[in-house]
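Data block below; observations after.
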Amino acid sequence: MTTLVHATDTLTRDALTVLQPGFVGTTAPDWLLRRIGEGLSSVGLFGRNIVSPEQLAALTAQLRAERDDVLVAIDEEGGDVTRLEVRQGSSFPGNYALGSVDDVELTRAVARELGRRLAACGVDLNWAPSADVNSNAENPVIGVRSFGPDPDLVARHTVAYVDGLQGVGVAACTKHFPGHGDTNVDSHDALPRIDVDLATLHARELVPFRAAVAAGTKAVMSAHILLSALDPHRPATLSPQILTGLLRQELGFEGLIVTDGMEMQAVAATYGIERGSVLAIAAGADAICVGGGLCDEDTVLQLRDALVNAVRTGELPEERLADAAARVRALASWTQAHRARGAGSVPGAAVQEGTAPGAEIGLVAARRALKVTRGERPYTPMAGAPYVASFTPVANFAVGDETPWGIAAELERLLPGTETGSYADSSVDAVLTAAGERRVVAVVRDLHRHPWMTEAVDALIAARPDTVVVEMGLNEAEPRGALHIATHGAARVCGRAAAEAVVGTGA
């Protein structure tokens, strides 16, 4: 184990403690291990860091060989946003599917099994669940990541998800406070603005967060959004009125406040990551998330030095930085105590679908979330291999484009010889040519948000009335096709459940 550097003073250690950086590679680089030895208390993992459960368990063990209480965080929502299964697709449906079923015990069971897999790999802080109320169906970044548009439904499922994760020793980080659902801008790209009155915010956005705080969520993640009724000048992540006044004082939250990624353009384009980080800690945040894009040692040192200099110049009170660092250490102690009691499984063991009690719960949930609507003429289940036409929108940054989605692979398993193609415009001539005499399955994602996609699907149905339509995003458009299947998300298990419905073998 690395000996802590004695020359590292308390101020510098505190500055390192509040950072949650990422890195490149599937093993920890030397610079990261060195900084952990100097006081860095958290590490964030992304899809680029993960190849298999066994490799992930070895990586987290490597980190903890440097420091037993290091927090290992991940953005594992299940559903469309997965890091554990970034190259395969998730074994768990996401929030929208769970909200559509509206069985809180099912949501709790899904979160518990997901948390068990994280704990088995040595991950103990999950930047989830999303407690955003998706009140704007045009939202480009939340959508299926939300349990739905109803605040009370979102609240009860957020609580169940928090209970499920934390019951197996994984700290939940409820996000994106005070609510990212009513936006039509992705904060990865620009600063979203919500201009509703305080009464609306309290009756809608804040309902799930009040419930999560009351349920004991260990962490809350701030949103890079401007809510003019709360603070007309600064986004929530940098706002004392929102983080300290609303979250700490009014809602009574005493846990860890984590920022969303500081390199996101909503903050970085205006303030820069260094000044943004100083303002965030001053506003009441306790941990700076960075690493989705900027993931090197220089970033860590720049942010560390910016915080130290801000204290020395009087811009950031030393007590505020010390308090933030203390909250990080308190959460690390909680997770360390759970690991010591044996929460989760032996690292690397029993983490694949079907190998542990409850491991099939994701597929059970995905099947229950299906909504199947039959067209006017009788539907004949497919017996021969079809042609799958995937109409593919641009993936948002949170989801990423490396995670596969759709149903072609699952249909191929059931109907060998299935062929597929991906399309990004409204012309269907290429689809019809490729399909030949095969029946067509049109797979879409958020059909209601993409006029070109609607045009293509309608033209395809006009030419081939027996076309099956599978909606894997928000189910807002009118059902169309000989069979319309709404999966309420694009996780791998959602694709499997849809494929079963296409061939008539659904459970």
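Both backbone and side-chain heavy atoms feed into the values below; hydrogens, waters and symmetry mates do not.
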- Take the angle between the ring planes of Phe209 and Phe177 and call it parallel below 30°, perpendicular above 60°, tilted in between. perpendicular
- Return the orientation label for the Trp334 and His338 ring planes: parallel under 30°, perpendicular over 60°, tilted otherwise. tilted
Between [atom1] on residue [X] and [atom2] on residue [Y], distance to nearest 0.5 Å:
{"X": "Leu153", "Y": "Phe147", "atom1": "CG", "atom2": "CZ", "result": "8.5 Å"}
{"X": "Thr270", "Y": "Leu238", "atom1": "OG1", "atom2": "CG", "result": "9.5 Å"}
{"X": "Ile50", "Y": "Thr82", "atom1": "CD1", "atom2": "OG1", "result": "8.0 Å"}
{"X": "Trp31", "Y": "Leu301", "atom1": "CH2", "atom2": "CG", "result": "8.0 Å"}
{"X": "Leu11", "Y": "Leu307", "atom1": "CG", "atom2": "CG", "result": "9.0 Å"}
{"X": "Asn136", "Y": "Ile142", "atom1": "CG", "atom2": "CD1", "result": "11.0 Å"}

Heavy atoms, side chains only, cut-off 4.5 Å: are [X] and [Y] in contact?
{"X": "Leu474", "Y": "His488", "result": "no"}
{"X": "Ile242", "Y": "Asp231", "result": "yes"}
{"X": "Ser41", "Y": "Val70", "result": "no"}
{"X": "Thr60", "Y": "Val43", "result": "no"}
{"X": "Ser135", "Y": "Glu205", "result": "yes"}
{"X": "Leu191", "Y": "Pro235", "result": "yes"}
{"X": "Thr217", "Y": "Val159", "result": "no"}
{"X": "Asp150", "Y": "Val133", "result": "no"}

Without swapping roles, check the side chain of [X] against the backbone of [Y] for a donor-acceptor pair under 3.5 Å.
{"X": "Asp446", "Y": "Arg449", "result": "no"}
{"X": "Tyr96", "Y": "Thr487", "result": "no"}
{"X": "Thr299", "Y": "Leu294", "result": "no"}
{"X": "His180", "Y": "Pro192", "result": "no"}
{"X": "Gln20", "Y": "Val290", "result": "no"}
{"X": "Asp323", "Y": "Glu319", "result": "no"}
{"X": "Gln166", "Y": "Gly216", "result": "yes"}
{"X": "Thr313", "Y": "Ala310", "result": "yes"}
{"X": "Thr403", "Y": "Val86", "result": "yes"}
{"X": "Gln88", "Y": "Pro404", "result": "no"}

One thing to verify: whether [Y] and [X] come together as a salt bridge, which I'm taking to mean a side-chain N less than 4.0 angstrom from a carboxylate O.
{"X": "Asp286", "Y": "Arg248", "value": "yes"}
{"X": "Arg492", "Y": "Glu85", "value": "yes"}
{"X": "Asp103", "Y": "Arg368", "value": "yes"}
{"X": "Asp80", "Y": "Arg445", "value": "yes"}
{"X": "Arg156", "Y": "Asp102", "value": "yes"}
{"X": "Arg304", "Y": "Glu274", "value": "no"}
{"X": "Glu76", "Y": "Arg117", "value": "no"}
{"X": "Asp9", "Y": "Arg13", "value": "no"}
{"X": "Asp14", "Y": "Arg320", "value": "no"}
{"X": "Glu77", "Y": "Arg83", "value": "no"}
{"X": "Lys218", "Y": "Asp124", "value": "no"}

Do [X] and [Y] have side-chain N/O donor and acceptor atoms under 3.5 Å apart?
{"X": "Ser228", "Y": "Asp195", "value": "yes"}
{"X": "Thr237", "Y": "Thr259", "value": "no"}
{"X": "Asp132", "Y": "His176", "value": "yes"}
{"X": "Asn134", "Y": "Ser146", "value": "no"}
{"X": "Arg108", "Y": "His157", "value": "no"}

Between [X] and [Y], which heavy-atom pair has the shortest distance, and what is it?
{"X": "Tyr161", "Y": "Ala111", "answer": "O-CB, 3.5 Å"}
{"X": "Ala365", "Y": "Pro93", "answer": "CB-CG, 3.6 Å"}
{"X": "Val154", "Y": "Pro208", "answer": "CG1-CG, 3.5 Å"}
{"X": "Ala15", "Y": "Leu321", "answer": "N-CD2, 4.1 Å"}
{"X": "Ala287", "Y": "Leu256", "answer": "CB-CD2, 4.3 Å"}
{"X": "His202", "Y": "Val207", "answer": "O-CG2, 3.5 Å"}

- Take atom CG of Asp30 as the centre, draw a 6.0 Å sphere, and report whether it contains more than 12 heavy atoms from other residues, nucleotides or ligands. no
- Query: Do Arg48 and Phe23 pass the side-chain contact (heavy atoms from CB on, under 4.5 Å) test, and can you show the C-alpha distance, the side-chain angles, and the key distance before you say yes or no?
  - Reply: CA-CA 9 Å; Arg48 62 176 180 257; Phe23 62 95; 5.7 Å; no
- Task: Please test Thr26 against Asn49 for side-chain contact (heavy atoms from CB on, under 4.5 Å), starting from the C-alpha separation and ending with a verdict.
- Result: CA-CA 5 Å; Thr26 55; Asn49 304 122; 5.6 Å; no
- Let me see the working for Lys175 and Val220 under side-chain contact (heavy atoms from CB on, under 4.5 Å), right down to the final yes or no. CA-CA 6 Å; Lys175 62 186 183 185; Val220 169; over 6 Å; no
